[in-house]
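Note that the structure is predicted; figures quoted are calculated from it, not measured.
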Amino acid sequence: IGIAGIAWGSKLMPVKVMDASGLGLYSEVAEGIVYAADNGARVINLSLGGPAPSQMLQDAIDYAYQRGAIIVAAAGNSGTTGPIYPAAFQQVIAVAAENSDGTRWEQSSYGDHIDAIAPGVGILSTSLGGGYSSATGTSAAAPHISAISALLLSIDSSTTNGKIENSMGNTIDVSKLLDTNIARTLHSTTVHSYLLSQSLRIIKEQIALEPWQHEIWSTVGAGEYTGG
């Protein structure tokens with residue numbers, strides 16, 4: 001049967017940047033970002049990251065951003081304020097993970113570079129090879145924000161990445177948009193349409209006021225990623 005995501009009408013562009021064992025290089029991630037941008041991706045979700053900054057990765061992020069892409073990345077699962085990349089780059093929306101009660105998941109990275117927090121514990125989805133499984137981590141949280149970004153674009157395709165990024169500048173917490181008791185129920189299953197309508201309403205209001213982010217990947221070697 002499959003599963004319905006938040007922005008179920010969106011077209012997906014799967015871009016493989018890791019090998020079968022979950023290893024990859026910054027150069028491969030950068031190449032994937034450029035490929036997505038060149039082929040018209042409006043939202044790029046990066047549920048991966050490493051602790052070392054990379055000019056090559058920064059250049060790829062800049063390239064995609066300049067072409068109008070909204071870039072969302074997992075903030076990391078270190079449980080500290082230590083940044084990971086690409087989430088810590090300025091043009092990227094860094095997403096932390098929260099529990100079903102709206103509190104920060106204890107292993108989620110946090111700090112001033114975080115732009116949004118979304119459900120990231122026990123997120124049900126389809127599994128490779130068939131069936132269903134749940135995932136926990138900021139990699140599971142980031143797609144919520146990517147999907148909300150896609151919904152905003154569906155409302156107004158002329159909305160710029162800068163406007164959407166700025167709307168999340170004070171850290172959007174989707175669970176805080178709901179009554180706590182309702183949020184506890186919704187996070188244990190899926191994101192309800194009311195949650196979406198309220199988050200979209202608040203983000204749209206912030207945009208109108210403008211004048212004009214399976215486990216996280218972590219570096220195990222020079223420029224390499226691995227994940228569980």
| message | If the condition is side chain to side chain contact (heavy atoms under 4.5 Å, CB included), which residues does Q91 pass it with, not counting sequence neighbours? | response |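 With neighbours one apart ignored, the set is Q58, I61, D62, Y65, F89.
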List the atom of [X], the atom of [Y], and the distance in Å for their closest heavy-atom pair.
| X | Y | result |
| --- | --- | --- |
| S139 | S47 | O-OG, 2.8 Å |
| A37 | R67 | CB-CD, 4.5 Å |
| A88 | P83 | CB-CB, 3.6 Å |
| L46 | P86 | CD1-CG, 3.6 Å |
| A142 | A74 | CB-N, 3.9 Å |
| L153 | T159 | CD2-O, 3.6 Å |

Are the side chain of [X] and the backbone N or O of [Y] linked by a donor-acceptor pair below 3.5 Å?
| X | Y | result |
| --- | --- | --- |
| N161 | A69 | yes |
| S54 | L57 | yes |
| N99 | D101 | no |
| T81 | G111 | no |
| S157 | S154 | no |
| S108 | R104 | no |

Quick one: [atom1] on [X] to [atom2] on [Y], what's the gap to the nearest 0.5 Å?
| X | Y | atom1 | atom2 | answer |
| --- | --- | --- | --- | --- |
| T136 | N77 | OG1 | CG | 9.5 Å |
| M56 | E31 | CE | CD | 10.0 Å |
| L48 | T138 | CG | OG1 | 10.0 Å |

| message | For M13, I'd like to know if atom CE has over 12 heavy atoms of other residues, nucleotides or ligands within 6.0 Å. | response |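 More than 12 heavy atoms, drawn from other residues, nucleotides or ligands, come within 6.0 Å of this atom.
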| task | Assess whether atom CG of D112 is packed by more than 12 heavy atoms of other residues, nucleotides or ligands within 6.0 Å. | result | no
| message | Apply the hydrophobic cluster definition, ILVMFWY joined by side-chain contacts under 4.5 Å directly or through others, and give me every member besides V34. | response |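 So far as hydrophobic clustering goes, V34 is joined with Y63.
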| said: What I want to check is whether the side chains of S109 and S78 have a donor and an acceptor closer together than 3.5 Å. | reply: yes
| task | Evaluate the criterion side-chain contact (heavy atoms from CB on, under 4.5 Å) for residue pair H144 and I6; output intermediate values, then yes/no. | result | CA-CA 7 Å; H144 291 82; I6 293 173; 3.6 Å; yes
| field | Full working for side-chain contact (heavy atoms from CB on, under 4.5 Å) between L25 and E28 | value | CA-CA 5 Å; L25 300 171; E28 294 166 335; 3.9 Å; yes
| said: As a test of understanding, state which of I33, V43, N45, V92 forms a side chain to side chain contact (heavy atoms under 4.5 Å, CB included) with I71. | reply: V92
Would you mind writing out the side-chain donor-acceptor pairs for residues 118-128 within the sub-3.5 Å range, not counting sequence neighbours?
{"residue": "S127", "atom": "OG", "partner": "S133", "partner atom": "N", "Å": "3.2"}
{"residue": "S127", "atom": "OG", "partner": "S133", "partner atom": "OG", "Å": "2.7"}

